[in-house]
Each structure stands twice: as structure tokens, then as C-alpha cells.
Amino acid sequence: ALAFLTRPRAARIPLKGRHFFITGGSSGIGLALATAAAREGARVSILARNAARLEDARAAIRLATGQDVGVHQADVRDAAAVASALDAAGPVDVLVCNHGVFVAQELEKQDMEEVKWMVDINLMGTFHLIKAALPAMKARTRETSLPASIAIMSSQAGQVGVYGYTAYSASKFALTGLAESLQHEVVSDDIHVSLIFPPDTETPGLVEEKKKRPELTTIIADSSGGMKADDVAMKALTGIKSGRFIIPCNFEGAMLAIATSGLTPQSSPLIAFVEVIGAGLMRFVALCFQWNWFSTIENWCAKNKKHG
Ligand SMILES: NC(=O)C1=CN([C@@H]2O[C@H](COP(=O)(O)OP(=O)(O)OC[C@H]3O[C@@H](n4cnc5c(N)ncnc54)[C@H](OP(=O)(O)O)[C@@H]3O)[C@@H](O)[C@H]2O)C=CC1
Ligand SMILES: CCCCCCCCCCCCCCCC(=O)[C@@H](N)CO
């Protein structure tokens, strides 16, 4: 029954010789993904703001793969700049919206400027990219009869709210609504939407974040094991090539995906089966995690009050 029910239909999205366009391709997870895609023979374009870091990334990818990537300097908050970068790059087969910024802070302490900055880049930047890339992507799938992909980098903090992440989690949860609705709108064009949910991943961005993130954010985030950017990139690329809507990256991520499966599109009958069977159990496991997190917060607050 599940093999009949699961939608959208499963797809294989080839990478060789196809145009792979990724934002935030100059650092961390994005750089690892751009490198992996180049290694698989895709024509890769990377977009970010800092020109020097883009050139460093281009050199690093050439060294690792022998492939030359196209570089595009733009801020994803600037819709016109994004549109002209995509014009210059040419029609895209695999669009990866990976750019992202994060500063963990209690909402009461965080400036509204910083809240808006995260929402503008993480959420609005993704809108700008998809709006700019979609028309040519549709024309291209019609022309080539090959399926295409729009992949969006979320976070495990886009599946569950975490102390210190009110703004960041909101920006990432919002991407799920965007992705689910978009999948309905592009299914008839053979475009497959993917959401990637990494845990804490060793990147320059995480090193910066850790300098000032609240202790409780770190304690709760540590419930999920950390990963290396290359391993996240491999999980992401495998998921994108299989047209998976939800792409978890580690074991905790697989549990989160079952616990949050709700009404998400699902093209794999096998994973649908695991979701149907696992739903009740994972709800129980989730309650255990929340019990643990709330206890930790309570103890931490009690301790920190005593010490003044
Ligand atoms: N590292 C982690 O622990 C996790 C990260 N993620 C997500 O993965 C993605 C990548 O994270 P990570 O590799 O750690 O990040 P990094 O900070 O290492 O790299 C971020 C990349 O995005 C680019 N970027 C940032 N802002 C903009 C902008 N306004 N316009 C264009 N490009 C921009 C940066 O280039 P430049 O600054 O030059 O513009 C850089 O290339 C993010 O979406 C993040 O939320 C999800 C879960 C865990
Ligand atoms: C069913 C039970 C599931 C149990 C597993 C729960 C584990 C959840 C941990 C949440 C971790 C959030 C990390 C965010 C990383 C990130 O995005 C920042 N580093 C910024 O980039």
C-alpha cells in the first residue's frame, strides 16, 4: 500500500555534466558540497559575499578535484544581485540554498537588528534565489527531460526549538513551509525539493558561533553528535541525488525525521514504512529528550541564581 501511496514519485537526479549552483560555497558545509559535486563531474557555481574567500575556495576545489568552478559575488539579501548572478551563471539543474548565518542568544538579550539579519539572510535570501532560478530551471527540465533539484540547508534547529535559537530556529522552521509548498508547485516540472538537517558541524561558522553561544544552547545541541562538513556533504549529496524531501545526516537526525514526519512529502516506501511504525515510539523518545532538556534548564537556572 505504501509503495502505491508515497508521493512525489521517487527519482534519480544525475550530477555528471549538470549545473550545480550553491550559495555559501566558499566555506564550511557549502565548500564541502561544492567540492563533492565537482568531484562527481558537475559544473559547479558558487555564490557568496566575500570575493577573496570565493577565490580561495575556487583554488581549493581546483586542487582537490582538478575542476574549475564559477564564482559569483553577491549578497543573497539583494534580489537584483542574486538575479544577475544567476543570469551570468546560466540555467541551473541543482540549486543548493546553503548560505546561512547564526548567532545563538536568548531573545531578551538579542538585538532586533540581529533577529532581522538572520531572517533576512536565511529565509528571504532563499526566496530571492528560488525566484531568480526557477523559470530557467523549469525550461531546462522540459528541454532535457531530466529531473532537477532545489535543496535547502536547514538544521536540526529547524526540526526542534532549542534554547538560544529563537531567531535562528524561526528562520529554519520557515524554510520547511517554503519547501513543502514549493514541492507541490514544482512537482509537475519534475523538480524535487530537498531539506537538509545537519547537527552541529565543524565549520568556520560554528567556530565563530561557539565563541559566544549560551552554555545551555551547547548542552542541548550536544544531544546530537557533531559531524564533519565532508560527512554532511556526502549525506546531503546522496539525498539530493535520490530526490529525498527530508535529508537527515546522523542517527539522532534519523530519529528527529521520524518524530517530525507529520505531513511531509515522502517518495520512499521503505522510509514511509519506518515512519508509520516508528511514530509512536519516537514520540515517546522525544518526550524523554524534552524531559531531560527541561530538567537541565531548571537545574542550570537554580544553580546560577544561588551564585548570584
Ligand atoms: N555548522 C553548523 O553547525 C551547522 C550549519 N547549518 C547550516 O549550514 C549552512 C552553512 O553553514 P556553515 O558551513 O557552518 O557556515 P559558514 O559560516 O562556514 O559559511 C557560510 C557561507 O555562507 C555565505 N554567506 C553568508 N551570508 C551570506 C549572504 N548574505 N549572502 C551570500 N552568502 C552568504 C558565506 O560567505 P560570505 O560570508 O563571504 O558571504 C559562507 O560561504 C547554514 O545555512 C547553516 O545554518 C546547519 C546545521 C549545523
Ligand atoms: C525523537 C528524538 C530525537 C532526539 C534527538 C534530538 C537532538 C536535537 C538536538 C538539536 C541540535 C541543534 C543543532 C543546531 C546546529 C546549528 O544549526 C548551529 N550550529 C548553527 O549552525
Query raised in the report: Counting heavy atoms not belonging to R283, are there more than 12 under 6.0 Å from its CZ?
Result: no

Report task. For D75 and R77, indicate whether the former's side chain and the latter's backbone hold a donor-acceptor pair under 3.5 Å. Result -> yes

Query raised in the report: Is the number of heavy atoms from other residues, nucleotides or ligands under 6.0 Å of F173 CZ greater than 12?
Result: yes

Query raised in the report: Hey, does the side chain of N250 reach the backbone of P198 with a donor-acceptor pair shorter than 3.5 angstrom?
Result: no

Query raised in the report: Are I220 and V103 co-members of a hydrophobic cluster defined by side-chain heavy atoms under 4.5 Å apart?
Result: yes

Query raised in the report: Any donor-acceptor pair under 3.5 Å linking the side chain of K212 with the backbone of A104?
Result: no

Report task. Without swapping roles, check the side chain of N299 against the backbone of S295 for a donor-acceptor pair under 3.5 Å. Result -> yes

Query raised in the report: Side-chain donor-acceptor pair under 3.5 Å between Y165 and R213, yes or no?
Result: yes

Query raised in the report: With a 3.5 Å cut-off and no angle check, do the side chains of Q105 and E114 form a donor-acceptor pair?
Result: no

Query raised in the report: D230 and K228: salt bridge (Lys or Arg N to Asp or Glu O under 4.0 Å), yes or no, with the steps?
Result: CA-CA 5 Å; D230 283 330; K228 295 201 183 309; over 6 Å; no

Query raised in the report: Can E180 and H184 be said to form a side chain to side chain contact (heavy atoms under 4.5 Å, CB included), step by step?
Result: CA-CA 7 Å; E180 288 187 3; H184 278 181; over 6 Å; no

**Report entry** Residue of the set S154, S155, S171 for which side chain to side chain donor-acceptor pair (under 3.5 Å) holds with N122
**Finding:** S171

Requested in this report: Apply side chain to side chain contact (heavy atoms under 4.5 Å, CB included) to F273 and Q266, showing your working.
Outcome: CA-CA 10 Å; F273 180 74; Q266 180 56 269; over 6 Å; no

Query raised in the report: Is V119 linked to I152 within one hydrophobic cluster, defined over Ile, Leu, Val, Met, Phe, Trp and Tyr using a side-chain heavy-atom separation of less than 4.5 Å?
Result: yes

Report task. Decide yes or no for I150 and V92: does some side-chain heavy atom of the first lie under 4.5 Å from some side-chain heavy atom of the second? Result -> no

Report task. May I ask whether V115 and F102 are part of the same hydrophobic cluster, defined by side-chain heavy atoms of I, L, V, M, F, W, Y residues being less than 4.5 angstrom apart, directly or through others? Result -> no

Query raised in the report: If two hydrophobic side chains count as joined below 4.5 Å and joins carry through other members, does L95 share a cluster with M124?
Result: yes

Query raised in the report: In terms of hydrophobic clusters joined by side-chain contacts under 4.5 Å, are L146 and V186 together?
Result: no

Query raised in the report: Taking everything shown except R9 itself, do over 12 heavy atoms lie less than 6.0 Å from its CZ?
Result: no

Query raised in the report: Would you say F20 and L237 make side-chain contact, with heavy atoms under 4.5 Å?
Result: yes

Query raised in the report: Given L47, which of I22, V76, N98, L54 fulfils the side-chain contact (heavy atoms from CB on, under 4.5 Å) condition?
Result: V76

